[in-house]
Number of protein chains: 2
Amino acid sequence: MPSVTEFEHMLRGASLRVTRPRLALLAAVHEHPHADTDSIIGVVRTDYGEVSHQAIYDALRALTNAGLVRRIQPSGSAARYESRVADNHHHVVCRSCGVIADVDCVDGLAPCLTASDDHGFAIDEAEVIFWGLCADCSTAHSS
Amino acid sequence: MPSVTEFEHMLRGASLRVTRPRLALLAAVHEHPHADTDSIIGVVRTDYGEVSHQAIYDALRALTNAGLVRRIQPSGSAARYESRVADNHHHVVCRSCGVIADVDCVDGLAPCLTASDDHGFAIDEAEVIFWGLCADCSTAHSS
DNA sequence: GGGCTTTCTTGAATCAATCAAGTGTGGCGA
DNA sequence: TCGCCACACTTGATTGATTCAAGAAAGCCC
């Protein structure tokens, strides 16, 4: 995981002020990929002390807009955040327990990015979510 | 659009009781692809008469589970429903106005369905969402 | 038509997320 | 180093989609 100093540089590079809640937030997201907002609040409070939920929501939005974290939101789930950005990976979600895992791109670079008919849209991103059952749930269901 | 009789057969085929709210719901989803729950409630009430929102939620869930309609939920949007199922098409969503359009699969059949490393997951579906700006918003932004 | 089960109605509750107003603070220039 | 001020945080209330619960109504099989 990047050091506090690196987090500082990331914030400054995005023209964002360096505050302790934001540093704690960055650390929490790096440490707990795919955590939902509530879990992140819990982690930040443990690592750093009392913070309002509003500060977390604000900071998550600021960092998402700055491209420092990525927001993902599979159907039926609250928003989740991760620190891997701009590396074009996708996700596989368990229909049963909701666990999320990373999936690297098959082609390594911008796969499936070409829509057959773009309807005049200027497309800038392709988001892929694989749905299925994780190993644990798969075993539990068949037994 | 399929006839009422065909909707009836679809419901019976899925072992679901045939009720007027469900028939109206199927018609509404076929007529208004990508509509959110609230719009669907409005359409059903216009076409059929007073129905509780709960009945719509129940019916949408029942029909989704039965595979008669498909639920899609892009980040930052309420749940939307469409009648095209099992034809492996995807969606392009406008970041600005939220409009959704269908995109047929480039490869015609199960593209992008192979994850490079499935982490032990039993994958049964790949959902692809293209993000960008629709023609209208693209023009408005650049002007 | 009778009876059982599913579905619908009514009304309340939950949960994530946002809004609003006021206080505090990081980072800049002097 | 000092002071300013825009940006960030706190507190508290609100919204809006969705779900829960209990009872009434209606579909389907016999």
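Just so it is clear, the structure is predicted and the values come from calculations on it, not from any experiment.
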- Task: Return the value, rounded to whole Å, for the distance between atom CD of B:Glu50 and atom P of D:dA25.
- Result: 17 Å
- Message: Could you tell me how far apart B:Ile56 (CD1) and C:dT10 (P) are, to the nearest whole angstrom?
- Response: 13 Å
- Query: Within this structure, what is the CD-to-C1' distance between A:Gln54 and C:dT18, rounded to whole angstrom?
  - Reply: 7 Å
- Query: Roughly how many Å is it from OH in B:Tyr57 to P in C:dT14, rounded to a whole number?
  - Reply: 17 Å
- Rounded to whole angstrom units, what separation is found between the NE2 atom of B:His53 and the P atom of C:dT10? 10 Å
- Task: Taking only Lys NZ, Arg NE, NH1 and NH2, and the carboxylate oxygens of Asp or Glu, determine whether A:Glu125 and B:Arg95 approach each other closer than 4.0 Å.
- Result: yes
- Message: Counting only side-chain nitrogens and oxygens, does B:Thr37 get under 4.0 Å of the OP1 or OP2 atom of D:dT18?
- Response: yes
- Message: By the 4.0 Å heavy-atom rule, please label A:Ala59 as base, sugar-phosphate, or nothing.
- Response: nothing
- If you check the A:Ala55 side chain, which of D:dG12, C:dT9, D:dT10 turns out closest? D:dT10
- Message: When you measure from the side-chain N and O atoms of A:Thr19 to the phosphate of D:dC9, is any distance below 4.0 Å, counting only OP1 and OP2?
- Response: yes
- Message: Ignoring hydrogens and geometry beyond distance, is a side-chain donor-acceptor pair present between B:Thr139 and B:Asp136 at under 3.5 Å?
- Response: no
- B:Glu82 side chain to B:His30 side chain, donor-acceptor N/O pair below 3.5 angstrom: no
- Task: Select base, sugar-phosphate, or nothing to describe what A:Arg12 touches, counting heavy atoms under 4.0 Å on all strands.
- Result: sugar-phosphate
- Task: Return yes if some donor-acceptor pair links the side-chain N/O of A:Arg45 with the main-chain N/O of A:Val51 below 3.5 Å, else return no.
- Result: yes
- Query: Within this structure, what is the CZ-to-P distance between A:Arg22 and C:dG24, rounded to whole angstrom?
  - Reply: 19 Å
- What nucleic acid atoms does A:Ala62 come within less than 4.0 Å of, heavy atoms only: base, sugar-phosphate, or nothing? nothing
- Task: Classify the side chain of B:Arg17 versus the base of C:dT5 as yes if they form a donor-acceptor pair under 3.5 Å and no if they do not.
- Result: yes
- Item | Where B:Leu68 and B:Ala14 come nearest, the two heavy atoms and their spacing | CD1-CB, 4.4 Å
- Rounded to whole angstrom units, what separation is found between the CG atom of A:Asp38 and the P atom of C:dT14? 16 Å
- Message: Could you tell me how far apart B:Tyr81 (OH) and D:dA17 (C1') are, to the nearest whole angstrom?
- Response: 11 Å
- Task: Looking at every strand, decide which applies to A:Ser52 at a 4.0 Å heavy-atom threshold: base, sugar-phosphate, or nothing.
- Result: base
